Amino acid sequence: MKQTYIKEISRHLGQEITIKGWLYNKRSSGKLGFLEIRDGSGLIQGVVSKKDVSEQTWENTEKVTQESSITVIGIPREHPKHPGVYELDISDLTVHQLAQDYPITPKEHGVEYLMDHRHLWLRSRRQHAILKVRHEIIKAVRDFFDDDGFTLCDTPIFTPAACEGTTNLFEVQYFDEKAYLTQSGQLYNEATAAAFGKVYCFGPTFRAEKSKTRRHLTEFWMVEPEVAYAKLDDIMDLAEKFIGHIVGRVLENRKEELIILERDTALLEKAMPPFPRLQYDDAVKMLQQAHTEGKVENLFELGGDFGSPDETYISSQYDKPVMVHRYPAAVKAFYMEPDPQRPDLALCVDVLAPEGYGEIIGGGERASSLELLLDRIKEHELPEEAFDWYLDLRKYGSVPHAGFGMGIERCVSWVCGLEHVRETIPFPRMLNRLKP
RNA sequence: UCCUCAGUAGCUCAAUGGUAGAGCAUUCGGCUGUUAACCGAAGGGUUGUAGGUUCGAGUCCUACCUGAGGAGCCA
């Protein structure tokens with residue numbers, strides 16, 4: 001018989017259907033068995049009554065174990081006690097493979113154990129919900145740009161040199177020479193933007209930083225739009241519209257998942273444009289004020305980059321994402337365009353997510369002058385020959401242009417209200433985690 | 001790299017320096033409306049590793065290993 005997916009069960013009430021899936025959990029009460037069945041699309045409770053089924057099916061009901069693969073035939077109907085909840089009256093149960101001692105039991109487990117069993121942990125309700133939200137966010141990202149005239153131009157993962165120089169890169173052998181895994185598609189995006197006008201790239205990014213925090217992965221996915229002729233204000237408008245679109249889509253299409261995750265959606269509903277915009281200088285004043293009032297420990301020095309506690313304090317002052325712009329050029333990457341009014345400041349922006357989730361977007365206007373870039377490359381002690389193609393972009397029709405990058409995992413973590421980004425990607429790569 | 005915390009049954013955790021226990025999982029038995037079902041029984045241990053202190057160490061000390069959280073750095 002044709003397979004029916006659990007999420008479509010309401011269309012088959014009273015009809016005999018076949019569900020193919022796995023046993024999520026089992027309870028029993030004498031000659032009555034309750035089987036929680038999952039098939040990837042959803043979860044449903046099946047009921048087996050000894051007096052109504054064959055001896056074989058009853059025997060299978062008694063012996064079937066957690067996560068055994070099964071096929072059941074039955075008739076869906078409403079739950080007698082819970083209106084709106086569906087249940088399956090099972091008439092036949094066959095077991096494909098009997099799972100023995102499934103490692104993830106219905107009781108709680110530690111982080112290390114769950115991470116060691118990530119390949120199985122993905123089957124649990126909560127992980128399923130998170131990855132469904134991830135999928136929704138990625139789809140929303142693509143739709144947002146595709147519907148706004150952007151062209152997807154993916155950038156390479158093997159790169160010959162550092163994009164930004166400062167952070168640690170993963171080095172790999174590339175035939176007879178050394179190559180590095182990309183830490184940003186940024187520079188290549190500038191080339192494709194000059195060809196297509198509005199572009200984005202979306203792919204994995206690698207950072208060999210020895211960071212062990214709830215916000216870090218060594219391999220994460222980043223989406224980076226780049227727009228020719230765009231200025232800082234244009235890119236800030238784009239960023240807030242973009243985040244509003246993502247959050248809106250998740251609220252609209254992933255209600256059930258947000259309930260499973262116990263996410264306070266009232267907080268998400270506030271994350272709609274316009275977002276507050278704060279100059280770096282004013283953010284520093286805010287931090288210094290907070291210090292004199294005893295609300296933050298460290299006295300922040302003007303000119304430095306914000307640390308994680310600083311970002312947390314700034315974002316805690318708002319109930320929606322906040323855009324901090326015009327940081328000192330000295331603390332930012334070499335390719336940032338200086339503010340014509342204040343050349344010591346870079347025309348850049350960081351978007352800080354609410355609830356202490358920190359920076360989810362970083363971006364800004366790129367330097368369009370060849371002379372300035374040559375100076376900056378020298379200042380940062382970067383190898384000029386590695387950037388010859390990049391400098392060509394300033395020789396042949398250079399224009400003002402801007403873009404930003406958003407880390408998908410940090411965004412998913414915030415939208416889901418998670419404690420750690422490691423749950424936002426199927427197989428996270430971290431400082432101490434390369435397996436499974 | 002630095003700081004803090006942790007490591008005991010398959011899993012999650014107890015155990016004042018004095019005979020290593022419970023819940024879940026597993027196996028067996030009971031229950032016709034269960035929801036991390038419940039009730040009864042059984043099996044299950046080189047307390048991360050190596051030293052040390054002590055009559056006696058899971059517990060105290062030292063080193064190392066592994067993990068977690070944080071700092072720095074970042075999305």
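Chain A is the first sequence line, chain B the second, and so forth, proteins listed ahead of strands; every chain is numbered from 1. Everything numeric in this text was worked out from a predicted model, so none of it was measured.
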Nearest whole Å is fine: how far is B:G67 P from A:E112 CD?
7 Å
Once you apply a heavy-atom cut-off of 4.0 Å, does A:H117 come out as touching a base, just sugar-phosphate, or nothing?
nothing
Would the A:F334 and A:F387 ring centres measure less than 6.0 Å apart?
yes
Specify the residue among A:E311 and A:V47 whose closest nucleotide of RNA chain B lies further upstream toward the 5′ end.
A:V47
Taken to the nearest whole Å, CZ/A:R134 to C1'/B:A75 is 13 Å
So, do A:F150 and A:F196 have ring centers that fall under 6.0 Å from each other?
no
Rounded interatomic separation in angstrom, taking NZ from A:K210 and P from B:U1:
5 Å
Between A:K231 and A:D234, is there a salt bridge with N-O shorter than 4.0 Å?
no
Paired with B:A36 by Watson-Crick or G-U wobble geometry, both distances under 3.5 Å: which nucleotide is it?
none
Looking at every strand, decide which applies to A:G307 at a 4.0 Å heavy-atom threshold: base, sugar-phosphate, or nothing.
sugar-phosphate
Applying a 4.0 Å non-hydrogen cut-off, can you work out what A:I104 is touching in the nucleic acid: base, sugar-phosphate, or nothing?
nothing
Looking at the side chain of A:R214, which of B:U26, B:G69, B:C74 is the nearest nucleotide?
B:G69
Any strand counts, and the cut-off is 3.5 Å on both contacts for Watson-Crick or G-U wobble. Which nucleotide pairs with B:A42?
B:U26
Report which part of the nucleic acid A:P309 touches: base, sugar-phosphate, or nothing (heavy-atom distance under 4.0 Å, all strands).
sugar-phosphate
When you check the phosphate oxygens OP1 and OP2 of B:A71, does a side-chain N or O of A:S308 lie under 4.0 Å from one of them?
yes
Mate of B:U47 across any strand shown (Watson-Crick or G-U wobble, both atom pairs under 3.5 Å) is none
On a whole-Å scale, what distance lies between the C1' atoms belonging to B:C39 and B:G23?
15 Å
I'd like the P distance from B:A63 over to B:G69, given in whole Å.
25 Å
Residue pair A:V172 / A:L181, side-chain heavy-atom distance below 4.5 Å
yes
Determine whether any donor atom in the side chain of A:H216 lies under 3.5 Å from an acceptor atom in the base of B:C74, or the reverse, and answer yes or no.
yes
Taking only the side-chain nitrogens and oxygens of A:K212, find out if one of them lies under 4.0 Å from OP1 or OP2 of B:C2.
no
Would a line drawn from the ring center of A:F202 to the ring center of A:F145 be shorter than 6.0 Å?
no
Inter-nucleotide P distance (B:A36, B:U46), Å rounded:
34 Å
Rounded to the Å, how far apart are A:W121 CH2 and B:C11 P?
16 Å
Checking only heavy atoms, does the side chain of A:R27 share a donor-acceptor pair with the base of B:C31 at less than 3.5 Å?
no
Side chains of A:Q127 and A:E423: donor-acceptor distance under 3.5 Å anywhere?
yes
Would you tell me whether A:D350 and A:Y327 have side-chain atoms, one donor and one acceptor, within less than 3.5 Å of each other?
yes
Give none if B:U8 has no partner; otherwise give the nucleotide forming a Watson-Crick or G-U wobble pair with it, both distances under 3.5 Å.
none
Check this one for me: any side-chain N or O of A:R215 less than 4.0 Å away from OP1 or OP2 of B:A71?
yes
Expressed in angstrom and rounded to an integer, what is the separation of A:D310 atom CG from B:G70 atom P?
16 Å
Nearest to side-chain heavy atoms of A:S28, which nucleotide of B:C31, B:G72, B:U34:
B:C31
Could you give the distance separating B:U8 and B:A15 at their P atoms, to the nearest angstrom?
14 Å
Can the ring centroids of A:Y390 and A:Y188 be said to lie less than 6.0 angstrom from one another?
no
Which part of the nucleic acid, if any, lies within contact of A:R77, taking any heavy atom under 4.0 Å across all strands shown: a base, the sugar-phosphate backbone alone, or nothing?
base
B:A22 and B:G44: how far apart are their C1' atoms, nearest whole angstrom?
14 Å
Tell me whether the side-chain N/O atoms of A:R422 come closer than 4.0 Å to OP1 or OP2 in B:G69.
yes
Considering every strand and a 4.0 Å limit on heavy-atom distances, what is the contact class for A:Q45: base, sugar-phosphate, or nothing?
base
Atom-pair distance (CD on A:Q186; P on B:C74), nearest Å
15 Å
Select base, sugar-phosphate, or nothing to describe what A:M222 touches, counting heavy atoms under 4.0 Å on all strands.
sugar-phosphate
Can you tell me the Watson-Crick or wobble partner of B:C73, both distances under 3.5 angstrom?
none
Is the ring of A:F220 stacked on the base of B:A75, with centres less than 5.5 Å apart and planes under 30° off?
yes
Hydrogens and angles aside, do A:E190 and A:H401 bring a side-chain donor and acceptor to less than 3.5 Å of each other?
yes
Between B:G40 and B:U54, how far apart are the two C1' atoms, rounded to whole Å?
44 Å
Taking only the side-chain heavy atoms of A:E209 (C-beta and beyond), determine which of B:C74, B:A36, B:G70 contains the nearest atom.
B:C74
Side chain of A:N432 only, heavy atoms from C-beta on: which candidate in B:U34, B:G67, B:G69 is closest?
B:G67
When we call it a touch if two heavy atoms are under 4.0 Å apart, what does A:K51 touch: a base, just sugar-phosphate, or nothing?
base
Provide the Watson-Crick or G-U wobble partner of B:A15, both distances under 3.5 Å; none if there is no partner.
none
May I ask you to say what A:Y113 touches in the nucleic acid, namely base, sugar-phosphate or nothing, with a heavy-atom cut-off under 4.0 Å?
sugar-phosphate
Separation of B:C74 atom C1' from A:W221 atom CH2, nearest Å, is 20 Å
When rounded to whole Å, the CG to P distance for the pair A:N168 and B:U1 reads 12 Å
Can you see if the side chain of A:H420 gets near the phosphate of B:G69 - specifically, an N or O under 4.0 Å from OP1 or OP2?
yes
Taking the minimum atom-to-atom distance to the side chain of A:P106, which one of B:G70, B:G33, B:A36 wins?
B:A36
Along RNA chain B (nearest heavy atom to each residue), the more 5'-positioned of A:R433 and A:D305:
A:R433
For the P atoms, the ones on B:C28 and on B:U19, what distance do you get once it is rounded to whole angstrom?
35 Å
Spacing of the P atoms in B:G48 and B:U59 (rounded, Å)
8 Å
The side chain of A:T105 lies closest to which of these nucleotides: B:U34, B:C24, B:U12?
B:C24
So that I know where these two stand, are A:Y180 and A:F206 an aromatic pair - ring centroids less than 6.0 Å apart?
no
